[in-house]
Visitor: 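Below you'll find the structure I mean.
Every chain is numbered from 1 and lettered A, B, ... according to where its sequence line falls, protein lines coming before strand lines. Computed from a predicted model, the values in this text were never measured in an experiment. Scope of the values below: all heavy atoms of this structure, side chains included, with no hydrogens, waters or symmetry mates.
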Number of protein chains: 2
Amino acid sequence: MDALDTLPDEEFLRLDRQICFSLHAAARAFNGVYREALKELGLTYPQYLVMLVLWEHGELPVKGIGERLRLDSGTLSPLLKRLEAAGHVERRRSAEDERSVTVRVTAEGAALRERALGVPRRIGAATGLDLADITDLRERLTALAARLDGLDPDELRPSCG
Amino acid sequence: MDALDTLPDEEFLRLDRQICFSLHAAARAFNGVYREALKELGLTYPQYLVMLVLWEHGELPVKGIGERLRLDSGTLSPLLKRLEAAGHVERRRSAEDERSVTVRVTAEGAALRERALGVPRRIGAATGLDLADITDLRERLTALAARLDGLDPDELRPSCG
DNA sequence: CACTATTCAGTTGTGCACAACTCAATGGCG
DNA sequence: CGCCATTGAGTTGTGCACAACTGAATAGTG
């Protein structure tokens with residue numbers, strides 16, 4: 001039994017506004033909190049995401065970063081240039097495959113990690129959620145994103161609505 | 001009590017990557033799904049959000065839109081210009097207060113609403129969530145955003161907008 | 001009334017997301 | 001081997017988010 005099917009379109013539009021807004025606003029609010037916490041590190045939120053995966057792996061090709069963060073080269077190329085200009089990473093073309101560019105954390109970038117260690121704890125405190133809440137929310141969002149990313153575009157076309 | 005307090009910083013950083021990524025990715029995935037669904041209407045996701053509040057209220061000052069969507073004039077001014085160029089809305093300076101600009105839905109903009117009615121149902125189906133799931137997720141995200149924005153949740157709740 | 005502070009919309013500049021594209025390197029196939 | 005499709009990074013152009021600012025209109029205060 002899906003209660004959604006019983007709602008008229010009008011009500012759907014109202015509900016949609018609430019959902020659209022809540023997700024959009026939550027993402028921006030989260031972004032804003034991180035912006036504040038990361039200000040002292042000189043990192044933006046997406047740059048922090050990139051540094052997090054690089055801190056875990058030491059070095060990765062641009063493609064590898066993109067796969068882990070679902071970002072394409074159009075977003076990553078200029079972002080990585082800025083991280084390199086800031087001295088946090090180094091980029092060099094791969095010897096085995098001249099098409100590929102390997103991104104490696106510099107000594108300065110590794111030192112930045114130490115200064116970043118306190119950030120997540122402060123964010124966690126700001127959310128007011130405990131570990132179970134956070135984990136639950138994370139799992140739901142991950143599942144939702146996975147489903148939406150794997151969607152056939154045709155399912156969103158009017159003929160299928 | 002709070003399991004978060006027992007985690008070392010290292011573990012926190014790992015957890016943070018998962019949370020940051022999941023929220024960031026979910027927001028972008030949602031955005032992508034709407035982009036696809038809204039393509040035929042010629043609207044972007046933020047433009048759709050603006051049209052949703054305008055369809056509910058008929059006309060609003062720029063400030064009123066900004067309050068409901070937590071967006072400032074730096075974002076809204078160019079966006080509204082594009083909506084006006086597309087013929088969906090009309091902007092005119094208020095007679096009572098020359099500082100204020102009133103945004104009103106045009107006949108074309110109202111007609112667009114009819115074509116938009118099917119969008120939320122298709123999105124709802126795409127998420128694979130039922131009404132209870134959606135409502136629960138929405139409430140959590142709204143509460144989280146409210147806390148992070150440092151505001152009273154009631155002021156942010158769409159139903160009060 | 002005159003003066004100041006605030007409000008409102010808009011502009012500028014930076015950074016991110018994404019589509020569409022370029023270009024060189026690689027891999028596959030006949 | 002030669003040809004062509006594919007891959008990987010980068011570039012260009014559009015739109016959004018946000019900070020910092022401008023300028024005009026209004027509100028508040030003495």
Visitor: Which parts of residues 31-52 of chain A get close to DNA chain C, meaning a heavy atom less than 4.0 angstrom away?
Guide: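 Heavy-atom contacts with DNA chain C come from A/Thr44, A/Pro46, A/Gln47.
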Visitor: What's the NZ-P distance between B/Lys63 and D/dT26, to the nearest Å?
Guide: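 Those two atoms, NZ and P, are 16 Å apart.
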Visitor: Please list, in numerical order, the residues of residues 85-103 of chain A that have a heavy atom closer than 4.0 Å to any atom of DNA chain C.
Guide: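 When residues 85-103 of chain A is checked for heavy atoms under 4.0 Å from DNA chain C, the hits, listed by number, are A/Glu96, A/Asp97, A/Glu98, A/Arg99.
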Visitor: Would a 4.5 Å heavy-atom cut-off, applied to side chains only, mark B/Lys81 and B/Arg91 as touching?
Guide: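 Yes, their side chains come closer than 4.5 Å.
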Visitor: Tell me which of A/Leu80 and B/Gly74 sits closer to the 5' end of DNA chain D, going by the nucleotide each one is nearest to.
Guide: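 That would be A/Leu80.
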Visitor: Would you find a donor on one side and an acceptor on the other, under 3.5 Å apart, between the side chain of A/Ser22 and the backbone of A/Ile19?
Guide: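 At least one qualifying donor-acceptor pair exists.
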Visitor: List in numerical order all residues of residues 65-73 of chain A for which some heavy atom is under 4.0 Å away from an atom belonging to DNA chain C.
Guide: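 Within residues 65-73 of chain A, the residues near DNA chain C are A/Leu71.
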Visitor: Using a 3.5 Å distance criterion without hydrogens, assess whether the side chain of A/Arg70 forms a donor-acceptor pair with backbone atoms of A/Asp149.
Guide: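 The answer is no, because no donor-acceptor pair under 3.5 Å joins these two groups.
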Visitor: Is a donor on one side and an acceptor on the other found under 3.5 Å between the side chain of B/Asp72 and the backbone of B/Thr75?
Guide: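 Yes, B/Asp72 side chain to B/Thr75 backbone: donor-acceptor pair under 3.5 Å.
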Visitor: Ignoring hydrogens and angles, tell me if any N or O in the side chain of A/Arg35 forms a donor-acceptor pair with the backbone of A/Thr44 under 3.5 Å.
Guide: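 No; judged by distance alone, with no hydrogens or angles, the pair does not exist.
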Visitor: Figure out the CG/C1' separation between A/Leu76 and C/dA17, and round it to whole Å.
Guide: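 After rounding, the reported distance stands at 11 Å.
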Visitor: Closest approach of A/Leu79 and A/Pro46, non-hydrogen atoms and distance?
Guide: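 In this case the closest contact between A/Leu79 and A/Pro46 is CD1-CB, 3.8 Å.
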Visitor: May I ask you to say what A/Leu79 touches in the nucleic acid, namely base, sugar-phosphate or nothing, with a heavy-atom cut-off under 4.0 Å?
Guide: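 Sugar-phosphate contact only - A/Leu79 comes under 4.0 Å of backbone atoms but never of a base.
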Visitor: Counting distance only, does the side-chain N/O of A/Thr106 pair as donor-acceptor with the main-chain N or O of A/Gly109 below 3.5 Å?
Guide: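 Flag set: sc A/Thr106 to bb A/Gly109 pair under 3.5 Å.
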Visitor: Main chain of A/Arg138, side chain of B/Gln18: is a donor-acceptor contact present, judged purely on distance under 3.5 Å?
Guide: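 No; judged by distance alone, with no hydrogens or angles, the pair does not exist.
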Visitor: Does B/Arg93 use its side chain to pair, donor to acceptor, with the backbone of B/Glu98 at less than 3.5 Å?
Guide: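 Flag set: sc B/Arg93 to bb B/Glu98 pair under 3.5 Å.
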Visitor: Is there a donor-acceptor contact under 3.5 Å from the side chain of A/His24 to the main chain of A/Cys20?
Guide: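 Flag not set: sc A/His24 to bb A/Cys20 has no pair under 3.5 Å.
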Visitor: May I ask you to verify if any side-chain N or O of A/Lys81 is less than 4.0 angstrom from the OP1 or OP2 atom of D/dA9?
Guide: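 No, outside the criterion.
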Visitor: In terms of relative ring orientation, are B/Trp55 and B/Tyr48 parallel, tilted or perpendicular, with 30° and 60° separating the classes?
Guide: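 Ring orientation, 0 to 90° scale: perpendicular.
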